[in-house]
Amino acid sequence: MRNLNFFMMAFLVLTIFSCKKAYAPEEAADSAEIAVATTDSVSDEEYIPEPNTESYAGLEENPFESPLKASLSTFSIDVDNASYTNIRRFINEGQKVPKDAVRVEEMINFFKYKYPQPDGQHPFAIHTEYSDCPWNKNSRLLKIGLQGKDVPMANLPATNLVFLVDVSGSMDEPNKLPLLKESMKILVKELRSTDRVSIVVYAGSAGVVLEPTSGEDKDEIMDAFDDLHAGGSTAGGEGIELAYKLAQENFIKGGNNRVVIATDGDFNVGASSDDDMLKLIEKKRESGVFLTVLGFGMGNYKDSKMEILADKGNGNYAYIDNIQEANRFLGKEFKGAMFAIAKDVKIQIEFNPKHVQAYRLIGYENRKLNAEDFKNDKIDAGELGSGHSVTALYEVIPAGVESDYVPSDLKYTKTQKAEGNYSDELATVKFRYKKPDGDKSIEIVNVIADKKTSLENSSPDFKFTTAVSWFGLKLRESKYIANSSSSDIKRLAKAGLQNDDDGYRSEFVRLVDAVN
């Protein structure tokens, strides 16, 4: 018995010693040693998945506004499309889509539209269209589209890319780190010899696993990705600090300097609260380094954190749900995702009370700005990439029509009318943007005529944009739609199936079909 007790005690001591050694902090003399600790020594730690802890920031729908009381509507553009691919993931898995996962503007802007290329001095062209609203019979829809200039790859500036890869334990699932590595290889194929690539990883600590390397050395870059392994907790704040430090040390003046964060967003060590991350990324934005955020996985996915990073960090945000989406966003859409041609792009619209009783911006709830922010060059706004398009929709209640969404029995408040001879104008829309390396904004002004086309005679793009918006409002269980018929949404979407070379519009119709 004494021998048995002795062996049991010896086993216990060895077990405790082994655990302490496995979890002891690594002392590293340089970043390479830190990287070894991050990718190798923590890879053996067992990650136990938690119950579903996905998080989404709450959104409150934009209400109808009177042009007499709220004369200006101001917002930042949004080229993100993470919400659409995330919604697609839920529907394809037969799950109910969480309302707060639905950002209608990101659904709309997932798709490409046939807007004209700019032919003047500005980096984008403007297109507007005005037609009937299918979900409220007395309303109309105004579509505003921006089309970024498609700059040939050879004419784009040299790139300084720093990949910041999450190798924490939560990434140890097939649709996370393995998919992330395959996705990065698609992006690497697009790099040129003038481009430089670095890789930073983070788990229990952060470290550099690839020093700046020419885009010509694709095998070396891909090998570095292949060597990554998941394990440990998630020092997200520390990783961001290191990635931006590396980007600034290798900054290319006049070039495209960008950090690419690839993660499930589950930061749980260091600067982890949404408020902490917001302050950190706003500070880093001042460095002149742009940001791309790539989301992976499910179950513990932190959309709320990812969106904050992209919105506040001069960035864009995509959710990679499969290798086909990686090929679309990081391959076919590489220029739009990685090369900004305009930054801090803002839109401000003034509706004419002669023709507009009320209006509401559909989506863009977390992109709204104060009227005075429009001319304030210190206020951050969205970025437009090479070849990117941006679309916004307003629902308009014309003057003199009955509507459930505006009061019609006012006794003491008289309806005012706009002064001046603007009888043919529906609205005036203004745009402001800065050059990618500029700090002073440039303004464009367009007048929109009060000229409506029937929905039947509207463009295929208008029909399809409207159908996507309608479906998004249905998923959000919007209080502003009288008709939420999936068959009607599908019928309108099918009428806009032109320009569907890649089949994404047809895929959307199938998603509508799958939701009651």
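Considering all non-hydrogen atoms of both residues, Asn62 and Tyr480 come closest at O-CE1, 3.6 Å. Across all their heavy atoms, Leu455 and Lys463 have their closest contact at O-CE, 3.4 Å. Nearest heavy-atom pair, Glu105 versus Tyr364, reported as atom, atom and distance to 0.1 Å: OE1-N, 2.7 Å. The two residues Pro134 and Asn483 come nearest to each other via the heavy atoms O-ND2, 4.2 Å. The shortest heavy-atom contact between Phe296 and Ser183 is CE2-OG, 3.7 Å. The two atoms that bring Asp373 and Lys346 nearest to each other are O-NZ, 2.8 Å, heavy atoms only.
At a cut-off of 3.5 Å, with distance as the only test, no side-chain donor of Ser83 or Glu106 sits close to an acceptor on the other residue. Judged by distance alone, the side chains of Thr465 and Thr391 never bring a donor and an acceptor atom under 3.5 Å apart. Looking only at atom types and distance, the side chain of Gln117 has no donor-acceptor partner in the side chain of Asp150 under 3.5 Å away. Under 3.5 Å, the side chains of Asn86 and Tyr56 contain a donor-acceptor pair of N or O atoms. Counting only N and O atoms by type, the side chains of Glu211 and Ser198 include no donor and acceptor under 3.5 Å apart. Asn316 and Thr292 form a side-chain donor-acceptor contact under 3.5 Å, judged by distance and modelled atom types alone.
A salt bridge does not link Arg432 to Asp344: none of the charged side-chain nitrogens sits closer than 4.0 Å to a carboxylate oxygen. With respect to the salt-bridge test (charged N to carboxylate O, under 4.0 angstrom), the residues Arg89 and Glu54 qualify. Lys302 and Asp264 are not joined by a salt bridge, as no carboxylate oxygen comes within less than 4.0 angstrom of a charged side-chain nitrogen. Between Glu61 and Arg360, at least one side-chain N (NZ, or NE/NH1/NH2) sits under 4.0 Å from a carboxylate O, which counts as a salt bridge. One finds a salt bridge joining Asp78 and Arg367 here, because a Lys/Arg side-chain nitrogen approaches an Asp/Glu carboxylate oxygen to under 4.0 Å. With respect to Asp226 and Lys185, a salt bridge is recorded, a charged nitrogen being found less than 4.0 Å from a carboxylate O. A salt bridge does not link Glu282 with Lys279: every distance from a Lys NZ or Arg NE/NH1/NH2 to an Asp or Glu carboxylate oxygen is 4.0 Å or more. Here Glu325 pairs with Arg88 in a salt bridge; the nearest charged N to carboxylate O distance falls below 4.0 Å. Remark: Glu241 does not engage Lys245 in a salt bridge, criterion side-chain N to carboxylate O under 4.0 Å. Between Arg510 and Asp513, no side-chain nitrogen of the basic residue sits less than 4.0 Å from a carboxylate oxygen of the acidic one, so the salt-bridge criterion is not met. Between Lys112 and Asp461, no side-chain nitrogen of the basic residue sits less than 4.0 Å from a carboxylate oxygen of the acidic one, so the salt-bridge criterion is not met.
Every residue two or more places apart in sequence or in another chain that forms a salt bridge (Lys or Arg N to Asp or Glu O under 4.0 Å) with Asp488 is listed here: Arg491. Looking at residues two or more places apart in sequence or on another chain, you find no salt bridge (Lys or Arg N to Asp or Glu O under 4.0 Å) involving Lys312.
Checked against the 6.0 Å centroid threshold, His388 and Phe124 do not count as a close aromatic pair. The distance between the ring centers of Tyr504 and Phe110 falls below 6.0 angstrom.
Looking only at distances, no side-chain donor or acceptor of Glu238 sits under 3.5 Å from a matching main-chain atom of Tyr202. Within the 3.5 Å criterion, the main-chain N or O of Lys99 finds a donor-acceptor partner in the side chain of Arg476.
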Exercise for review: Show your reasoning for whether salt bridge (charged side-chain N to carboxylate O under 4.0 Å, His left out) applies to Arg192 and Glu216.
Suggested key: CA-CA 6 Å; Arg192 305 158 298 179; Glu216 193 173 28; over 6 Å; no

Practice item. Any chance you could lay out the side-chain contact (heavy atoms from CB on, under 4.5 Å) test for Tyr113 and Asn499, step after step, and finish with the verdict? Key: CA-CA 8 Å; Tyr113 302 104; Asn499 310 322; over 6 Å; no

Practice item. Step by step, work out the side-chain contact (heavy atoms from CB on, under 4.5 Å) result for Met338 and Phe290. Key: CA-CA 9 Å; Met338 298 294 158; Phe290 288 82; over 6 Å; no

Practice item. Decide salt bridge (charged side-chain N to carboxylate O under 4.0 Å, His left out) for Asp502 and Lys332; before the verdict, give the C-alpha distance in whole Å, the side-chain angles of both, and the deciding distance to 0.1 Å. Key: CA-CA 11 Å; Asp502 295 317; Lys332 297 176 183 177; 3.5 Å; yes

Practice item. Give the C-alpha distance, both sets of side-chain angles, the deciding distance and a yes or no for salt bridge (charged side-chain N to carboxylate O under 4.0 Å, His left out) between Asp223 and Lys218. Key: CA-CA 8 Å; Asp223 286 345; Lys218 291 179 172 50; over 6 Å; no

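Classified by interplanar angle (parallel below 30°, tilted 30° to 60°, perpendicular above 60°), the ring pair Phe163/Phe225 is perpendicular.
For the side-chain contact (heavy atoms from CB on, under 4.5 Å) criterion with Val167, the lone passing option out of Val201, Val209, Asp172, Leu180 is Val201.
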